[in-house]
Amino acid sequence: MAKNCLCLTGKTIKQDVDLLNKYGKYADLAELRVDCLDDDDRLYIRRFPELAGIPVILTVRRDVDGGYFSSGEGARLKLLANGLAYANADSRLNFAYVDIEEDFNAPSLEEAARTFGTRIIRSCHDLKGSIDDISTKIKSMKRAGDEIVKIAVSVKSTYDVLNVFRASSTFIKQDKVLICMGHYGIYSRILAERFGSFLTYSSALSENVIPGAPGQMDVRELSDLYHFKKITKDTKIYGVIGNPLKSSVSPWFFNTVFNLENADCVYVPFPVTDVNDFLNLADGLNIQGLSITVPYKETVLPYIKEKSEIAESIGACNTMYRKGDIWYGDNTDYAGFTMSLLNFLGRKDLKRRKITIIGAGGVSRAVAAEIFKMGGKALILNRTVHKAASIASLYNFRWGGLDNHGIDLMSKFNDIIIQTTSVGMEGYDEGDPLETYEFSGKESVMDLIYTPDQTPFLKRAASAGCKILNGYDMVIRQACLQYANFFDREIPKTHLSQINSLGADGWNRIIPG
Ligand code: ATR
């Protein structure tokens, strides 16, 4: 079973002990990153295993390997020797592991470590991601006995992760640590067990400490959200693919449901650079079902053998799952949006409703189709006017730009306003897509963004007295439909009300990297 190792990057021993007191319960072991400590505190590392109370890895990471130590090999050797000195017969008072790089040569220090039961982690940090043949590398690195070979590779693409995963199937019986560093490798950390890794490193990110390496997850999130310790060879894997995948409510939603059901399933964020490479990996990991987000809703189509009627007619899938040997595709965005909007308005259709849609991208296309289906009449306004015209012409809707002329047209389409652009979304364009529009307070306003809870646009609408709704409700509704696809049954109502009682604040929006 892969272990969760809390990487301690405090500046003082006291800070690290405080972190352990707070977060040690989520971890199986800790790594003392001596390179992060102030010079004075480096003198007191020998007592750390006793203070920690859980097994500790002793590490002095050099700057060339992604750490902070730059005082030369002599000084580093001294620190390591100091950490391993005066070995105690009670092994709990010694460091359980020492991390030594593959080019580090100090036979006497290694001998001393072995004698007193400190296991050697023989590490290689490939910050450039240049090792191609990782299996051969693993083989060449191990020097003796029960050494644990560790290879941490910076990954820049899904292909790089696939390469590491393929190497993981070699040397199955040998303890090894395989880490894909960086945003595109975060799921290798959650799925460490499936990547054949002896441990995964995590940080106390909520304390604003520096992460030990790029892409490390929060220690508590790994434990409480992903139930890292329960992930085995049999756990069924689900997830969401997208790029960039900065924020998604789905991991929180699905993992919370799985936990309520006590299901042996995990739902993982998969930032993906190439769908074909990822689906090869999905076969290797035996992934059961996927949510698909921007920009892959159309890219996945060639890999999907059968589709629901709606996915077929729209030409985009936001859900794929295995049916026997094939991938089956569906699109739950549309139904999720419609259910959410009608519930918000307390209506069964949109007959005699005049609606403005802001934006003319993929989402707007879906929104326009649904509004047409429900009998509404719409005006589409977009920065790039011809895109608004192209969607509007499908349904005999009006169109315009995000300018005074567009705002004039809105006077006849202001029962409902639906904001579909990315303007105002956390991490994207800040601001307001239509800042000169003055709300009367009578409009019902839906903004499909849910991070932040209220965009500047939605905030303005609320303060003018409008009835408002953000995209959270829609996302939950479409996720419920995805659940029904994945498991061929409705999500239990009791679980849904528990999720709803947690509300939009319950979910964790952080995907590191
Ligand atoms: P999605 O699938 O989420 O709809 P998309 O197809 O890329 O994503 O569409 C993004 C929408 O946000 C478009 O309407 C885009 O306007 P353009 O068609 O003019 O590009 C709109 N958008 C993005 N950034 C914008 C900005 N800074 N100001 C106004 N509109 C913006």
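When a residue number appears, it is its place in the shown sequence, counting from 1. Every value quoted in this text rests on a predicted model; they were computed, and no experiment measured them. Note that ligands are numbered from 1 as they come in the structure, with each ligand's atoms numbered from 1 the same way.
- Ring geometry, Phe278 versus Phe270: the interplanar angle falls from 30° to 60°, so the pair is classed tilted.
- Looking at heavy atoms from C-beta onward, Val161 lies in side-chain contact with Leu281 at the 4.5 angstrom threshold.
- Partner of Thr158 under the side chain to side chain donor-acceptor pair (under 3.5 Å) criterion, chosen from Asp277, Thr273, Asn280: Thr273.
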Sequence neighbours left out, cut at 3.5 Å: what donor-acceptor pairs do the side chains of residues 348-364 make with other protein atoms?
unit_1: Asp349; atom_1: OD1; unit_2: Lys351; atom_2: N; d: 3.0
unit_1: Thr356; atom_1: OG1; unit_2: Phe413; atom_2: O; d: 2.7
unit_1: Ser364; atom_1: OG; unit_2: Gly359; atom_2: O; d: 2.7

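- Evaluation of the side chain to side chain contact (heavy atoms under 4.5 Å, CB included) rule for Glu443 yields Asn414, Ile417, Tyr437, Phe439, Ser440, Val445, Cys466 as partners, not counting sequence neighbours.
- Judged as a side chain to side chain contact (heavy atoms under 4.5 Å, CB included), and not counting sequence neighbours, the contacts of Ala479 are Phe253, Phe254.
- Around ligand 1 you find Gly359, Ala360, Gly361, Gly362, Val363, Asn382, Arg383, Thr384, Lys387, Leu402, Thr421, Ser422, Val423, Asp429, each with a heavy-atom distance below 4.0 Å.
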